[in-house]
*Asks:* 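Quick one: the structure is below, and I'll ask about it shortly.
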Amino acid sequence: MSLSESAAAPAPEPPGTPAQAPVSLTRFLLEAQRAGAITPDLRLLVEVVARACKTISIAVGKGALGGVLGDAGSPGAASINIQGEAQKKLDVLSNEILLEANAWGGHLAALASEEMDHSQPVSDAYGRGNYLLLFDPLDGSSNIDVNISVGTIFSVLRCPKDVTTPGDEHFLQPGSAQVAAGYCTYGPSTMLVLTIGHGTHAFTLDREVGSFMLTTRDMRIPEQTREFAVNMSNQRFWEAPMQAYVGDLLAGTEGPRGKDFNMRWVASMVADVHRILTRGGIFSYPLDRKCAAQGGKLRLMYEANPMSLLIEQAGGAASTGRQRMLEVQPEHLHQRVPVFLGSRQEVEAAVEYHRRADQDEAESRA
Ligand code: AHG
Ligand code: MN
Ligand code: MN
């Protein structure tokens, strides 16, 4: 049995174990550790992130009763993060929960967050581990105040060898170097979706017990789809190939695609990606004239890379439209990129529109 198979397949049950015994996240990770798929430190890291997500889930679930809705800062003096975006109270709280949970385990070298200007080395008072953790503590935060699903996204890299004081530059590794990635969605149920590089697995929080329980082993995204996710209000700002691609989707059975497409847009990437992982689809936040100067809207290190690893591990594809996402070499921590991810054949179709447009342009210039 290969390492991949041993990490994804259920371990042999000892005699007398009831059929299909529930598998907790703890058991899943321990079995992966025994199979050699993860180190004890990576197991601890994922457990710590999962525990922080449970705390965030409780805060999100309290809503107005917890006094956690609304903007951070004071009236007239909104708190603005490094992204230039106004922070919600829950953005700040979720960031603090993740920082505190990861401060003392000795499993991390440093962490970086969408909500912080720079990465932070962890104190070496508790020993310093070999991993770098990146997170979007609360994704979709514009949806908090209207009680729509939000989430947390995280990505794990190795700290380069011989680095004693990790800085931002040590995080600048392509997404293919991630050793784990995942998200937690705070929706009707709280779910953790995780990859440790051997498939993508979904766990549902048993709120009474307080444990994440494995509910889907080895998620698989259908290769084809009739559903797309994009913010259509940006249509007039898109590049020509995106205009052409979505134009053909909207033309339905009468257009070149020969089938009708449905559209969904939650505006929480976690919720949109979770739907696509579950039933297929293509998610896109393309380049548009409003975000072109920044390179795109979504963040490579906190959003695009972890989601792309999860999607690829479930048989899907992820691209900037012009390059496989996981091969993008980051130049800075808060870098933004255009994003296309989901059902393999649909992502390839969107990429083909970009390839053809670029080729036509190159030929017209020659
Ligand atoms: P965040 O709340 O972490 O800043 O992320 C919001 C992102 C992403 O979750 C979502 O897909 C996208 O922004 C929505 O953008 P629009 O509001 O432009 O549709
Ligand atoms: Mn986000
Ligand atoms: Mn966020």
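Note: hydrogens, waters and symmetry copies are ignored here, and every other heavy atom, side chains too, is used. We count ligands from 1, going down the list as the structure has it; atoms in each ligand are counted the same way.
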*Asks:* Which single N/O/S atom of Asp136 lies at minimum distance from the Mn ion (ligand 3)?
*Replies:* OD1

*Asks:* Quick one: look at Glu114 and ligand 1, take heavy-atom pairs under 4.0 Å, and tell me if it's side chain, backbone, both or neither.
*Replies:* side chain

*Asks:* Looking only at heavy atoms of Leu138, does any of them come nearer than 4.0 Å to an atom of ligand 1?
*Replies:* yes

*Asks:* Would you call Glu85 and Arg299 a salt bridge, taking side-chain N to carboxylate O under 4.0 Å as the test?
*Replies:*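 The answer is yes: the pair qualifies as a salt bridge.
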
*Asks:* Tell me whether the count of non-hydrogen atoms from other residues, nucleotides or ligands lying under 6.0 Å of NE2 in His332 goes above 12.
*Replies:* yes

*Asks:* Which of the atoms in ligand 1, numbered in the order shown and given with their element, are less than 4.0 Å from a heavy-atom of Glu85?
*Replies:* 4 (O)

*Asks:* With atoms numbered from 1 as shown, which atoms in ligand 1 lie under 4.0 angstrom from a non-hydrogen atom of Asn231?
*Replies:* 16 (P), 18 (O), 19 (O)

*Asks:* Between Arg344 and Glu348, is there a salt bridge with N-O shorter than 4.0 Å?
*Replies:* yes

*Asks:* Does ligand 1 have an atom that lies less than 4.0 angstrom from a heavy atom of Trp265?
*Replies:*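 Under 4.0 Å: yes for Trp265.
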
*Asks:* Taking side chain to side chain donor-acceptor pair (under 3.5 Å) as the criterion, tell me which of Glu239, Glu346, Glu352 meets it with Tyr245.
*Replies:* Glu346

*Asks:* Spell out, as yes or no, whether a donor-acceptor pair under 3.5 Å connects the side chain of Arg322 to the backbone of His354.
*Replies:* no

*Asks:* Looking at the Mn ion (ligand 3), is there an N, O or S atom belonging to Gly140 that lies under 2.8 Å away from it?
*Replies:*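 No, outside the cut-off.
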
*Asks:* Where is the nearest protein heavy atom to atom 18 (O) of ligand 1: which residue, which atom, and how far?
*Replies:* Tyr285 OH, 2.6 Å

*Asks:* Under a 4.0 angstrom heavy-atom cut-off, which atoms of ligand 1 come close to Asp136?
*Replies:* 3 (O)

*Asks:* Hey, is CZ on Arg257 packed in by over 12 heavy atoms from elsewhere, all under 6.0 Å?
*Replies:* yes

*Asks:* For Lys297, state whether at least one heavy atom is located under 4.0 Å from any atom of ligand 1.
*Replies:*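 Per 4.0 Å heavy-atom rule, Lys297 contacts ligand 1.
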
*Asks:* Looking at the Mn ion (ligand 2), which N/O/S atom of Glu303 is the nearest one?
*Replies:* OE2

*Asks:* Between Asn81 and Glu115, is there a side-chain donor-acceptor contact under 3.5 Å, judged purely by atom types and distance?
*Replies:*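 Judged by distance alone, the side chains do pair up.
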
*Asks:* Would you mind telling me if ligand 1 is within reach of the side chain of Ser141, the backbone, both or neither, using heavy atoms under 4.0 Å?
*Replies:*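 Both backbone and side chain.
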
*Asks:* What is the distance from atom CE of Met242 to atom OG of Ser284, rounded to the nearest 0.5 Å?
*Replies:* 3.0 Å

*Asks:* Check all N, O or S atoms of Asp139 and name the one closest to the Mn ion (ligand 2).
*Replies:* OD1

*Asks:* If you count heavy atoms of other groups shown closer than 6.0 angstrom to NZ of Lys259, is the number above 12?
*Replies:* yes

*Asks:* Taking the six-membered ring for Trp, are Phe283 and Trp265 ring centroids under 6.0 Å apart?
*Replies:* yes

*Asks:* What protein heavy atom lies closest to atom 4 (O) of ligand 1? Include the residue and the distance to one decimal.
*Replies:* Arg299 NH2, 3.1 Å

*Asks:* Which of the atoms of ligand 1 are close to Glu303, meaning less than 4.0 Å from one of its heavy atoms?
*Replies:* 3 (O), 5 (O)

*Asks:* Please check if any side-chain donor atom of Arg236 sits under 3.5 Å from a side-chain acceptor atom of Gln243, or the reverse.
*Replies:*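 Gln243 and Arg236 do not have a side-chain donor-acceptor pair below 3.5 Å.
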
*Asks:* Just jot down the ligand 1 atoms closer than 4.0 angstrom to any heavy atom of Met269, in number order.
*Replies:* 8 (C), 9 (O), 10 (C), 11 (O)

*Asks:* To the nearest 0.1 Å, how far is atom 10 (C) of ligand 1 from its closest protein heavy atom, and which atom is that?
*Replies:*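 Checked against all protein heavy atoms, atom 10 (C) of ligand 1 sits closest to Ala267 O, 3.6 Å.
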
*Asks:* Are any of the heavy atoms in Leu298 under 4.0 Å away from ligand 1?
*Replies:* yes

*Asks:* With atoms numbered from 1 as shown, which atoms in ligand 1 lie under 4.0 angstrom from a non-hydrogen atom of Ser268?
*Replies:*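 Listed by number with element: 9 (O).
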
*Asks:* For N/O/S atoms only: which one belongs to Glu114 and is nearest the Mn ion (ligand 3)?
*Replies:* OE2

*Asks:* Assess whether atom CG of Asn231 is packed by more than 12 heavy atoms of other residues, nucleotides or ligands within 6.0 Å.
*Replies:*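 More than 12 heavy atoms, drawn from other residues, nucleotides or ligands, come within 6.0 Å of this atom.
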
*Asks:* Give the contacting part of Asp139 toward ligand 1: side chain, backbone, both or neither, where contact means a heavy-atom distance below 4.0 Å.
*Replies:* both

*Asks:* Tell me, please: is Gly140 in heavy-atom contact with ligand 1, that is, under 4.0 Å?
*Replies:* yes

*Asks:* Nearest 0.5 Å please: distance from the CG atom of Leu341 over to the CD1 atom of Ile221.
*Replies:* 8.0 Å

